[in-house]
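All values below come from the heavy atoms of this structure, side chains included, with hydrogens, waters and symmetry mates left out. Below, chain A is the first sequence line, B the second, and so on; all start at residue 1.
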Number of protein chains: 2
Amino acid sequence: MSDITNARGYPIGEMSKRTGVNIETIRYYERINIMPQPDRTAGGNRQYNHEQLKRLSFIKTSRELGFSIDEIRALLEMVDRQDFTCGEVHGLTIGHLASVREKIKGLRKLEKALVGMAAECSQGDLPDCPILETLFEAR
Amino acid sequence: MSDITNARGYPIGEMSKRTGVNIETIRYYERINIMPQPDRTAGGNRQYNHEQLKRLSFIKTSRELGFSIDEIRALLEMVDRQDFTCGEVHGLTIGHLASVREKIKGLRKLEKALVGMAAECSQGDLPDCPILETLFEAR
DNA sequence: GATGCGGTCTGTAGCCACTACAGAAGCAAG
DNA sequence: CTTGCTTCTGTAGTGGCTACAGACCGCATC
């Protein structure tokens, strides 16, 4: 009886508050088919259920871990079809981990270069800057 | 006399080869006003001079160091107006360095989380995966 | 002078993952 | 019934390019 309140489901703003995903982004996820089309009220407003809330949380968590939409799509498809193995999921994760490590490596190089450049700079008032000279160096 | 050959300047393909910047990207840089409109041949093809080659190299190097187009625009404006001080340039560089370090920090966190998740996974053939469980965890 | 071929031209659309509107309509409380 | 917040659809913008299509340039060769 009092279940009815819950059975009505969550409007999109509630979903947004609970997951931290922007309302427009939730609709975007629906458009690109990683979120299903939810029920609608008589007036046409979206009504989500608990499973859909969990799915959105999954997407949010995965995005925060840097998985691309396509990677998430792959994960969700496995889940939806129930035909994944733990090994497959592990593989996807390890692949993503490798790309994260690549990015870190690249940024560390940048960091070094920037530190080197900044260290040579007197920070003075004169319009004569070793940083600009480095940037202008011939390649 | 024999200078005339050089005075003709570089066509866009030559600029691309010398700097490693894609032809379409060079035109894009012109459109967004960080590269000037070069001379044209009678037929309408772009002809760049040596100064413009140096400018494009500057942009390329800066992009490789992760500076945003807007940051590069700021650097180039200082250079163009000749009214920069070394301190200003230093400031811009340090600001950029800070954002690079932020990114590295974020990625390290991701790396840790991914390693943790992957370590708990048996990689087995069973459709029961701790990675997915983690991703599905309530927030 | 015709031909061929590669370089270049403009303009437009696509990429990723959102974000930001405009203008209309739904919905709940007083 | 009004008020005021939420939600609706559809479209366009973000950054920093990249990828075409279809036409034209420019130089070498015959």
- Message: Rounding to an integer number of Å, can you tell me how far A:K60 NZ sits from C:dA17 P?
- Response: 15 Å

- Query: What is the distance, rounded to the nearest whole Å, between atom CD of B:E64 and atom C1' of D:dC17?
  - Reply: 15 Å

- In plain terms, say whether B:E14 and B:R18 are close enough for a salt bridge, that is, a side-chain N and a carboxylate O under 4.0 Å apart. yes

- Message: Taking only side-chain N and O atoms of B:N45, does any of them lie within less than 4.0 angstrom of OP1 or OP2 on D:dC25?
- Response: no

- Task: Please report, rounded to the nearest Å, how far the P atom of C:dG7 is from the OH atom of B:Y48.
- Result: 17 Å

- Taking atom P of D:dA19 as reference, at what distance in whole Å does atom OH of B:Y28 sit? 15 Å

- Task: Answer yes if the ring centres of A:F136 and B:F58 are under 6.0 angstrom apart, and no otherwise.
- Result: yes

- Message: Tell me whether B:E64 is salt-bridged to B:K60, with the criterion being a basic N under 4.0 Å from an acidic carboxylate O.
- Response: yes

- D:dG16 phosphate, OP1 or OP2, under 4.0 Å from B:T25 side-chain N/O: no

- Message: Tell me if the side-chain of B:E24 makes a donor-acceptor pair with the base of D:dC20, cut-off 3.5 Å, by modelled atom types.
- Response: yes

- Item | Option among B:H50, B:K17, B:R46, B:Q47 that satisfies the side chain to side chain donor-acceptor pair (under 3.5 Å) test with B:Y10 | B:H50

- Message: Can you tell me if A:R40 touches the phosphate of C:dC27, counting only side-chain N or O atoms and a distance under 4.0 Å to OP1 or OP2?
- Response: no

- Message: Using heavy-atom distances to pick each residue's nearest nucleotide on DNA chain C, tell me which of B:G44 and A:D70 is more 5'.
- Response: B:G44

- Message: Please compare A:N22 and A:A42 by the position of their nearest nucleotide in DNA chain C and report the one closer to 5'.
- Response: A:N22

- Message: Using whole Å, what does the distance between atom C1' of nucleotide D:dT9 and atom CD1 of A:I12 come to?
- Response: 12 Å

- Message: Using OP1 and OP2 only, check whether a side-chain N or O of B:R27 sits under 4.0 Å from C:dC9.
- Response: yes

- Task: Can you tell me the distance, in whole Å, between the CZ atom of B:F67 and the P atom of D:dG16?
- Result: 13 Å

- Query: So does B:R63 get a side-chain nitrogen or oxygen closer than 4.0 Å to the phosphate oxygens (OP1/OP2) of D:dC17?
  - Reply: yes

- Task: Kindly say if A:Y29 contacts the phosphate of C:dC18, meaning a side-chain N or O under 4.0 Å from OP1 or OP2.
- Result: yes

- Query: How long is the gap from CD1 on B:I69 to OH on B:Y28, to the nearest 0.5 Å?
  - Reply: 5.5 Å

- Answer yes or no: does a side-chain N or O of A:R46 lie under 4.0 Å from OP1 or OP2 of D:dC8? yes

- Figure out the CD/P separation between B:E14 and D:dC27, and round it to whole Å. 14 Å

- Figure out the CD1/P separation between B:I34 and D:dG16, and round it to whole Å. 9 Å

- Message: Does C:dC27 have OP1 or OP2 under 4.0 Å away from a side-chain N or O of A:T41?
- Response: yes

- Message: Need one value for B:I32: base, sugar-phosphate or nothing, where a base atom within 4.0 Å counts as base even if backbone is also close, heavy atoms only.
- Response: nothing

